[in-house]
Amino acid sequence: MNRLNLNFQVKMLAFAIFLSLFALACNNGSNQKGLASNASSNAEKVYVAPGEYDEYYAFLSGGFSGQLAVYGLPSGRLFKIIPVFSVDAEKSYGFNEETKPMLQTSHGWLPWDDSHHPELSQTDGVPDGKWIFINGNNTPRIARIDLTTFETAEILEIPNSGGNHSSPFTTENTEYIVAGTRFSVPIPQKDFPIESYKENFKGTLSFVSVDPEDGDMEIAFQILVPAYDYDLAHCGKGPSHGWAFFSSYNTEEANTLLESNASQKDKDFIAAVNWKKAEEYIKQGKFHTMPATYYDNSYDETTQMGNSELKKEVKVLIPSECPGLMYYLPTPKSPHGVDVDPTGEYIVGNGKLSSDMAVHSFTKMLKAIENEDFVDNVDGIPVLNYESILAGIVTDMGLGPLHTEFDGKGYAYTSCFITSEIVKWEVATQKVVDRVPTYYSIGHLMIPGGDSRKPWGEYVVALNKITKDRYLPTGPELCQSAQLYDITGDKMQLLLDFPTMGEPHYAQAIKADVIKDKQVRIYRLNESQHPYKATKEQDARVERNGNEVHIYLTAIRSHFAPDNIEGIKVGDKVYWHVTNLEQAWDVPHGFAVLGAHNAELLIMPGQTETLLWEPKEEGVFPFYCTDFCSALHQEMQGYVRVSASNANVPLKWWLADKMGNK
Ligand code: RUQ
Ligand code: CUA
């Protein structure tokens, strides 16, 4: 071997080592960070050019923020946070007089809840874009959001419930949305020793009817059930339409150290409820009328006012008195999600403590019921024979399966919390065909339309519980995270990470075309029935009634009318009723006054909103518009003079020489 050759070989060797090290480094990178192999083509798949629209609206629950966030897919861009269960100073939700009633409950007025599961209304098993519902987990409630305004239109309290987690999943035509108790409690509530759990505690499964025209929700009936924890739910579709399925854990009925005491049995139950049968029993009068105290709060778009209605009773069915009403499907082991495939035949029990995932067959379930193939009976509820109802088992599922969604092409996608992955499997054969890691510890996952009869497929979004090193760190609290995967090919492809608001639990997505052209652009001034509206500047005025002062204020680019007010006194309750006179899209005005104890107002065109202000000291206080509305936005300001409580400064108001009683 000559020198040159040796030299060449050494160089080649060094180069080879360099290459393999480089490859290793890249691999490490991709293992740790999940970098897509094909970064530039993946970037193209999520790139929505400036001025272009996303293909889907995605609605991500806010978890402990209590709200609902609206994103675009595939870009992952945040469009709006819709205030639902928690006050929002930015939009004055829960702060202005109009929306305060929305947060009324039998426990008093509440500024917060924990929202987990958005669910789109459906027609024929397909999201129809009318409304989206979301549950309040802590103080049991369901909210309905109008998808023409993206505002909370109704919040219904669920009585006889100790936590509304398995909610608000819909039937095929939004006949009902369901609500099962997460925590069983004494029903009706009473002072019992906690140790008497087994004797005195109960659960309920509630069916909430939804008016097909105006969406009005009502508690149609509740079913009184054994004191388990009812975790999630999904309703039947196609052949299984008429049934609803609720997963449960703690069939041990433990009341302490549930992490081990509620994990004793190797099977818990999925409750299968025949709601069509329930309707028959209700018609026959086989229900008990139970006193209950709960609120139904609605926002009326014509009066632009929230209204709280106190309700006093519910209809309750008791399974032992209603044969055929419900059955228990044994399911390994502490199932979290229960998911029904698009054909309506397969009922997936995501047994989070089991390595084998059970898939039940609806056909076999009906057969077992017909043959009375029962192994037990709990409080009048027959327990079906596990072997007889099983369609099959997914044997190489990851650990900690939580939720399953479907792509409409015969495949299911299951989130596995412990092994931090999405597992794709064929529904009919239960064979695993692909798996991808998630970063990290996925909870729910969502495919557009993925719990409906006709999923759009295309993407799966992982809703992760832990972000660790995925984003720039922000102190002890790191951001919450979602990840978008392309599922159009055989192999799932990670495309994008995007941060979320609060902790995302479940999410829903809908093709943008279904709702984007139905958006309300303005509220028509001539249709407003708001009791304190001022639909033209000539109607603007100030009225005193004892120590209550009503200011009818108008806003238009770029002034308030009136903008000078005198005669207010310390100790007055001042109501600022601000009407936005604009009748063009995207021209809100804001309103803020110095020392206000609540928030600003953000008033849409044609809308009237009211801020209560209780001045505590004498002086002259400015108010101004908070939303940059025109080139003269900074000039959109005014003064209010506050005098001593015993002063005799007359009430007067003006806007230059254009109006008023100066
Ligand atoms: S939960 S991570 Cu609140 Cu729906 Cu399953
Ligand atoms: Cu109105 Cu700024």
Side-chain angles (χ1 to χ4, degrees), residues 60-66 113-119 133-138 140 163-169 178-180 182-183 229-234 246-247 249 334-339 348-352 400-405 414-418 420 422 438 440-446 451 461-466 480-482 500 502-508 553-561 563 578-582 584 586-592 600-605 607 609 622-638:
L60 275 61
S61 68
F64 42 67
S65 85
D113 212 310
D114 179 20
S115 61
H116 287 211
H117 307 122
E119 175 87 342
F133 303 91
I134 190 163
N135 64 322
N137 187 45
N138 182 54
N164 185 34
H165 194 259
S166 39
S167 181
F169 301 95
V178 301
R182 168 154 173 214
F183 310 113
D229 290 48
Y230 295 87
D231 207 8
L232 279 138
H234 264 108
F246 297 83
S247 59
Y249 61 100
S334 300
H336 185 55
V338 50
D339 300 293
V348 179
N350 301 261
K352 63 179 187 278
L402 292 181
H403 297 281
T404 299
E405 291 260 298
T414 300
S415 57
C416 296
F417 176 81
I418 297 172
S420 216
I422 299 174
T438 58
Y440 303 90
S441 302
I442 182 174
H444 275 271
L445 76 181
M446 180 274 285
D451 71 339
V461 177
L463 300 149
N464 301 323
K465 300 300 186 193
I466 296 169
Q480 308 284 328
S481 166
T500 69
E503 186 197 41
H505 286 254
Y506 192 36
Q508 292 261 279
L553 199 77
T554 62
I556 195 162
R557 282 163 289 180
S558 299
H559 59 267
F560 291 108
D563 65 357
V578 187
T579 301
N580 179 348
L581 296 181
E582 307 284 351
D586 200 19
V587 194
H589 290 288
F591 173 83
E600 65 157 350
L601 296 175
L602 189 64
I603 314 131
M604 297 304 127
Q607 206 175 26
E609 286 192 7
F623 57 89
Y624 73 102
C625 172
T626 51
D627 189 320
F628 208 107
C629 50
S630 72
L632 295 167
H633 154 82
Q634 287 300 83
E635 284 72 11
M636 197 163 170
Q637 63 173 57

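Atoms within each ligand, like the ligands themselves, are counted from 1 in listed order. In this chain, residues are counted from 1 in sequence order.
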For [X], counting its heavy atoms only, list the atoms of ligand 1 lying under 4.0 Å from any of them.
| X | result |
| --- | --- |
| His165 | 1 (S), 3 (Cu), 4 (Cu) |
| Gly443 | 2 (S) |
| Leu232 | 4 (Cu) |
| His505 | 1 (S), 3 (Cu) |
| Lys465 | 2 (S) |

My understanding is that only one of Asn135, Val178, Asp451 makes a side chain to side chain contact (heavy atoms under 4.5 Å, CB included) with Glu119; could you say which? Asp451
What N, O or S atom of His116 is found closest to atom 3 (Cu) of ligand 1? ND1
For the backbone of Thr554 and the side chain of Thr579, can you confirm whether one donor and one acceptor N or O come within less than 3.5 Å of each other? no
So, does Ser420 use its side chain to make a donor-acceptor pair with the main chain of Thr438 at under 3.5 Å? yes
Please evaluate residues Asp231 and Ser247 with respect to the criterion side-chain hydrogen bond (donor to acceptor under 3.5 Å, both in side chains), reporting the C-alpha separation (whole Å), side-chain torsions for both, the decisive distance (0.1 Å), and the verdict. CA-CA 5 Å; Asp231 207 8; Ser247 59; 5.0 Å; no
Examine Phe169 together with His117 and report whether their ring centres are nearer than 6.0 Å. yes
Quick check on atom 4 (Cu) of ligand 1: does His444 put an N/O/S atom closer than 2.8 Å to it? yes
N/O/S of His117 less than 2.8 Å from atom 4 (Cu) of ligand 1? yes
With no hydrogens and no angle check, do the side chains of Ser115 and Ser61 hold a donor and an acceptor under 3.5 Å apart? no
Side-chain H-bond candidate by donor/acceptor type, Asp339 with His234, under 3.5 Å: yes
I need the NE2(His403)-atom 5 (Cu) of ligand 1-NE2(His336) angle, rounded to 10 degrees. 90°
